[in-house]
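Throughout, a chain's letter reflects where its sequence line sits, starting with A, and its residues are numbered from 1. All values below were derived from every heavy atom in this structure, side-chain atoms included, with hydrogens, water molecules and symmetry-related copies excluded. Computed from a prediction, not measured in an experiment: that's the story for all the values here.
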2 protein chains.
Amino acid sequence: MSSTITPALRRVLNAAVIQFARHGYEGASLSGIALEAGIRKASLYSHVKNKDALFMAVFEDALEMEALFARECFARPEPGLPGQNYCESLLARYADSEHFRFLLRTSYIPPASLFDELQEGYEVYMQQLLADFTTALRRHLGQISDQDAEVMGHAWMGMVDSLHVALIYIGQARFEARLNALERLMGDSIARLEQGETP
Amino acid sequence: MSSTITPALRRVLNAAVIQFARHGYEGASLSGIALEAGIRKASLYSHVKNKDALFMAVFEDALEMEALFARECFARPEPGLPGQNYCESLLARYADSEHFRFLLRTSYIPPASLFDELQEGYEVYMQQLLADFTTALRRHLGQISDQDAEVMGHAWMGMVDSLHVALIYIGQARFEARLNALERLMGDSIARLEQGETP
DNA sequence: CCAGGGCTACCTACCGGTCGGTAGCCTTTT
DNA sequence: AAAAGGCTACCGACCGGTAGGTAGCCCTGG
């Protein structure tokens, strides 16, 4: 499926993710990407068929990395709430990972021509995130009905999207305020489930 | 401050908001906007100085409309939770209002050159939204500490962003699932405040 | 020795923006 | 009443610049 990644192609992909994250699909130019990679624009075509293919390659690259990151968050033991590790790692991740910034920038409003493919990939990523959260939730609470688990799942995914958005356009201070507020809401609801809800 | 809007300019602005909402700042071309307005590209310059000014005019237009929409939501009596009217009107609003779609598309990731101006305008919009929610919350609960009000404000703004994002890239069914889930969380937390939290 | 990555040079298409000019509608002047 | 002038909205033609993409030669490493 995925062709082998030579060192030169690796350099191109890394250059591309920087430019796409910074300027978006339309705003990033192939000459800029080539410059970043230290080669000429025409030389890009030795490695990639065209701009769309380059974008998709970067997308799959980023998706893989961020899926791995999420997995690791859920693999670490969670002191408090389920999903807490992931949420609290977001700020640092946003600062460190060019690929994460790329995903955030391009996945909400993707280039129209690639919409379907991107949506499909993003869907898989989100389903994994949701599944990881649900199992963590089930591990945290001994017993929980499928309905409740589903509702909490929707709520947590909403919380994650909310934090993602906050990363993009709110400052660090308000990100943390939002994180605390949403964690309190989640905490309240989970505590309520823990006490048992049969009235 | 704001110059008068002639009928011809009105047509240009309406054409522009469609194109900008559909293709974004960089993706929308002046020829496309002119075509939509039924004139030639050169004629645009009888009404606006350049692309940036056109975009800003559309932005202020949209901001005004959506601020009005939010006001009306909070003016209506709310049967359940504070801020509920606004959240539950979003789906229909997204379907109906080109200006709303424009705001959602362009405000998270604005064109770099206009970033500051846009951020400023969006900030005002959000502050009004937050203030409206806070007064509604205070009206709903008789007594609430400033700290709690602030936390709930952050949480509700997060909820709103989450719903905005859902409008963009999730289907209608999942939007409603998310809305229900988040409303349940908010309801739980508000109920907890209602009972009084001095232990 | 030759395959492949890199290069220069070039292409077409389209971008935002400017130019000179014009049709038609007011308002003013005689 | 009619000529004169000004103003608005519009147009086709064109500008410099840049975009994505192609052709073909050169150089180097296995």
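- Atoms CG (B:Leu44) and P (C:dT18) sit 13 Å apart, rounded to a whole Å.
- Taking atom CG of residue B:Leu30 and atom P of nucleotide C:dG16, one finds them 4 Å apart after rounding to whole Å.
- A straight line from CG of B:Leu35 to P of C:dG16 spans 13 Å, rounded to a whole angstrom.
- In this entry the distance linking OH of A:Tyr45 with C1' of D:dT22 reads 9 Å, nearest Å.
- The CG atom of B:Leu167 lies 6.5 Å from the CG atom of B:Leu104; values are rounded to the nearest 0.5 Å.
- With hydrophobic clusters built from ILVMFWY side chains whose heavy atoms lie under 4.5 angstrom apart, B:Leu63 shares a cluster with B:Phe74.
- Using a 4.0 Å cut-off between a side-chain N of Lys or Arg and a carboxylate O of Asp or Glu, B:Asp96 and B:Arg101 do not qualify as a salt bridge.
- A search for ring-ring contact (aromatic ring centres under 6.0 Å, His included) contacts involving A:Phe102 returns A:Phe55, not counting sequence neighbours.
- Taking atom CD of B:Gln19 as the reference point, atom P of C:dC15 lies 11 Å away to the nearest angstrom.
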Task: Contact pattern, 5' to 3', of nucleotides 24-30 of chain D - B, S or - by protein heavy atom under 4.0 Å - done: -------
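- The nucleotide whose nearest atom lies closest to any side-chain atom of B:Ser29 is, among D:dG20, C:dG17, C:dC15, C:dC15.
- With A:Gln19 contributing its side chain and A:Ile33 its backbone, the two residues share no donor-acceptor pair below 3.5 Å.
- Residues A:Ser97 and A:Glu66 bring a donor and an acceptor atom of their side chains to less than 3.5 Å of each other.
- Within the nucleic acid shown, B:Ala34 has no heavy atom closer than 4.0 Å to any nucleic acid atom.
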TODO: Tell me, with the steps shown, if A:Glu64 and A:His99 meet side chain to side chain donor-acceptor pair (under 3.5 Å).
DONE: CA-CA 10 Å; A:Glu64 196 174 335; A:His99 292 82; over 6 Å; no
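- The distance from atom NZ of A:Lys49 to atom C1' of D:dG20 is 13 Å, rounded to the nearest whole Å.
- Here the C1' atom of nucleotide D:dT18 and the NE2 atom of A:His23 are 15 Å apart, to the nearest Å.
- Annotation: cation-pi pair A:Arg93/A:Phe69 present, NZ/CZ under 6.0 Å from the ring centroid and within 45° of its normal.
- Side-chain atoms of A:Glu78 come within 3.5 Å of backbone N or O of A:Gly83 as a donor-acceptor pair.
- As a whole-Å value, the separation of A:Ile33 CD1 from D:dG21 P is 11 Å.
- Note on B:Ala37: nothing from the nucleic acid sits closer than 4.0 angstrom, heavy atoms only.
- Close to C:dC15, at under 4.0 Å from its OP1 or OP2, lies a side-chain N or O of B:Ser31.
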Taking only N/O atoms, report every protein-nucleotides 10-14 of chain D pair under 3.5 Å with atom names and distance.
from   : atom 1 : to      : atom 2 : distance (Å)
D:dC10 : OP2    : B:His47 : NE2    : 2.7
D:dC11 : OP2    : B:Arg40 : N      : 2.5
D:dC11 : OP2    : B:Ser43 : OG     : 2.9

